[in-house]
Amino acid sequence: MKKILVVDDESSILRIIKHSLEKSGYSVVCYDNLLELRLNELNAYDLLILDVMLPKMNGFEFLKRYRNELDCPIILLTAKNQESDILLGLGIGADDYITKPFRIAELRARVEAHLRREDRPRRHFYKIDNFKFDINQKTMYLQNRKIFLTKSEYEICEFLAVNRGSVFSKEQIYEKIFGYEGEGDSSSITTHIKNIRQKLTLKKCPIQTIWGVGYLWEKDN
């Protein structure tokens, strides 16, 4: 049984999420603040749903401090729907976000999509041009240099690299990566790719923008 951690300071939201996800067969643990968490137990969870506006320590602060210690997808719940806040959340390690108020069916679908992609059968690794993809560890290397990517950033790189030379729209990438039938917020793909380019620190990133169409991973990089 998949184990999900939910942190939100609104008890009504915690009850709704817990009830809905438990009906879907998940084990759900809830907290109303981050300071009660036992950090040494965080990796026992398969997914974290994290509110941004929390007392004492907010979701952004938590991600900045502890994202590198967590090996699970993180979905942010936020009433902050300004683009700068969304970019910040994705930039410091969130894999996805849902703005409040939200539909519980959408949250459940996002959770299922993230957990489903974690369970996909995989080969051990791919070598593509100067890049190596460790499929089991979800890690990408550039000429043996590890690139520190979030899970979503890694999945985008792997998908585009395996299909290098083909152009995909933001909506197609979102559906392939997150599996949400194309109904998710595909604009997050733009932010993820921006973060990937910054982390690669290459003069020419293999992920190229095809204006008005989408993105592709160029061949022979």
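All values below were derived from every heavy atom in this structure, side-chain atoms included, with hydrogens, water molecules and symmetry-related copies excluded. Positions are given from 1 along the sequence.
Side-chain contact check for K199 versus T150: some heavy-atom pair is nearer than 4.5 Å. Using a 4.5 Å heavy-atom threshold, the side chains of L202 and L142 count as touching. Between R164 and L216, every side-chain heavy-atom pair lies at or beyond the 4.5 Å cut-off. Contact of the Y174 side chain with the I156 side chain is not registered, since no non-hydrogen atoms from C-beta on lie closer than 4.5 Å. Contact annotation: the side chain of L115 approaches that of Y26 to within less than 4.5 Å [non-hydrogen atoms, C-beta and beyond]. Between I13 and K100 the shortest side-chain heavy-atom distance falls below 4.5 Å. A heavy-atom distance below 4.5 Å is found between the side chains of F133 and Y154. At a threshold of 4.5 Å between non-hydrogen side-chain atoms, the residues V7 and N33 do not count as touching.
Under the 4.5 Å side-chain heavy-atom criterion for grouping Ile, Leu, Val, Met, Phe, Trp and Tyr, L63 is connected to M57 within one hydrophobic cluster. In the hydrophobic cluster analysis, where Ile, Leu, Val, Met, Phe, Trp and Tyr join through side-chain heavy atoms closer than 4.5 angstrom, M140 is grouped together with V162. By the criterion of side-chain heavy atoms lying less than 4.5 angstrom apart, applied directly or through intervening Ile, Leu, Val, Met, Phe, Trp or Tyr residues, L35 is grouped together with I74 in one hydrophobic cluster. Using a 4.5 Å cut-off between side-chain heavy atoms of Ile, Leu, Val, Met, Phe, Trp and Tyr, with links allowed through other members, L160 and V167 fall into different hydrophobic clusters.
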Requested in this report: Could you walk me through whether L77 and F102 pass the side-chain contact (heavy atoms from CB on, under 4.5 Å) test, one step at a time?
Outcome: CA-CA 9 Å; L77 291 180; F102 59 88; 4.0 Å; yes
Requested in this report: Would you please test E112 and K2 for salt bridge (charged side-chain N to carboxylate O under 4.0 Å, His left out) and show each step?
Outcome: CA-CA 10 Å; E112 290 170 356; K2 297 294 185 182; over 6 Å; no
Query raised in the report: Would Y215 and T190 satisfy side-chain contact (heavy atoms from CB on, under 4.5 Å), going step by step from the backbone distance to the final call?
Result: CA-CA 9 Å; Y215 300 96; T190 301; 3.5 Å; yes
Query raised in the report: Please walk me through it: do R15 and D8 pass salt bridge (charged side-chain N to carboxylate O under 4.0 Å, His left out)?
Result: CA-CA 10 Å; R15 286 195 301 270; D8 196 296; over 6 Å; no
Query raised in the report: side-chain contact (heavy atoms from CB on, under 4.5 Å) between D51 and T78: does it pass, once the steps are laid out?
Result: CA-CA 6 Å; D51 185 26; T78 176; 5.6 Å; no
Report task. Start with the C-alpha distance between V29 and V6, add both sets of side-chain angles, then the distance that settles side-chain contact (heavy atoms from CB on, under 4.5 Å), and finish with yes or no. Result -> CA-CA 6 Å; V29 176; V6 186; over 6 Å; no
Requested in this report: Mind running salt bridge (charged side-chain N to carboxylate O under 4.0 Å, His left out) on K176 and E155 for me, showing each step along the way?
Outcome: CA-CA 9 Å; K176 291 291 185 181; E155 294 282 353; over 6 Å; no
**Report entry** salt bridge (charged side-chain N to carboxylate O under 4.0 Å, His left out) between D46 and K3, worked out
**Finding:** CA-CA 5 Å; D46 298 290; K3 192 173 182 180; over 6 Å; no
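Atoms CG and CD1, from L5 and I49 in turn, are 8.5 Å apart once rounded to the nearest 0.5 Å. To the nearest 0.5 Å, atom OG1 of residue T191 and atom NZ of residue K170 are 9.0 Å apart. Atom-to-atom distance recorded for C157:SG and I147:CD1 is 9.0 Å, nearest 0.5 angstrom. Summarising the geometry, atom CG belonging to N130 is positioned 16.0 Å from atom OH belonging to Y141; distances are rounded to the nearest 0.5 Å. Interatomic distance, I189 CD1 to E153 CD, rounded to the nearest 0.5 Å: 10.5 Å. In this structure, the separation between NZ on K127 and CG on D129 is 12.0 Å, given to the nearest 0.5 Å.
Across every non-hydrogen atom of G89 and L76, the tightest pair is CA-CD1, 3.8 Å. Shown here for P73 and K151, the closest heavy-atom pair between the two residues is N-CD, 3.8 Å. Of all the heavy atoms in A94 and H192, the pair that sits closest is O-CE1, 3.9 Å. Across all their heavy atoms, L54 and G59 have their closest contact at CD1-N, 4.4 Å. Nearest heavy-atom pair across G25 and M1 is O-CG, 3.3 Å.
With respect to the salt-bridge test (charged N to carboxylate O, under 4.0 angstrom), the residues K18 and E22 qualify. Under the 4.0 Å criterion applied to side-chain N and carboxylate O atoms, K56 and E61 are not assigned as salt-bridge partners. Under the 4.0 Å criterion applied to side-chain N and carboxylate O atoms, E158 and K138 are not assigned as salt-bridge partners.
Checking D9 against Y31 by side-chain atom types alone, no donor-acceptor pair falls below 3.5 Å.
Looking only at distances, no side-chain donor or acceptor of D95 sits under 3.5 Å from a matching main-chain atom of I75. When atom types are taken as modelled, the side chain of N195 and the backbone of Q198 share no donor-acceptor pair closer than 3.5 angstrom. Formation of a donor-acceptor pair under 3.5 Å by the R67 side chain with backbone atoms of L70 is found in this model. Checked by atom type and distance alone, the side chain of D134 pairs as donor or acceptor with a backbone atom of Q137 at under 3.5 Å.
Aromatic rings of F168 and F159 (six-membered ring for Trp) have centroids within the 6.0 Å cut-off, being under it.
Judged as a ring pair (Phe, Tyr, Trp, His ring centres under 6.0 Å), the pairs with a partner in residues 39-62 (not counting sequence neighbours) are, in order, F62-Y66.
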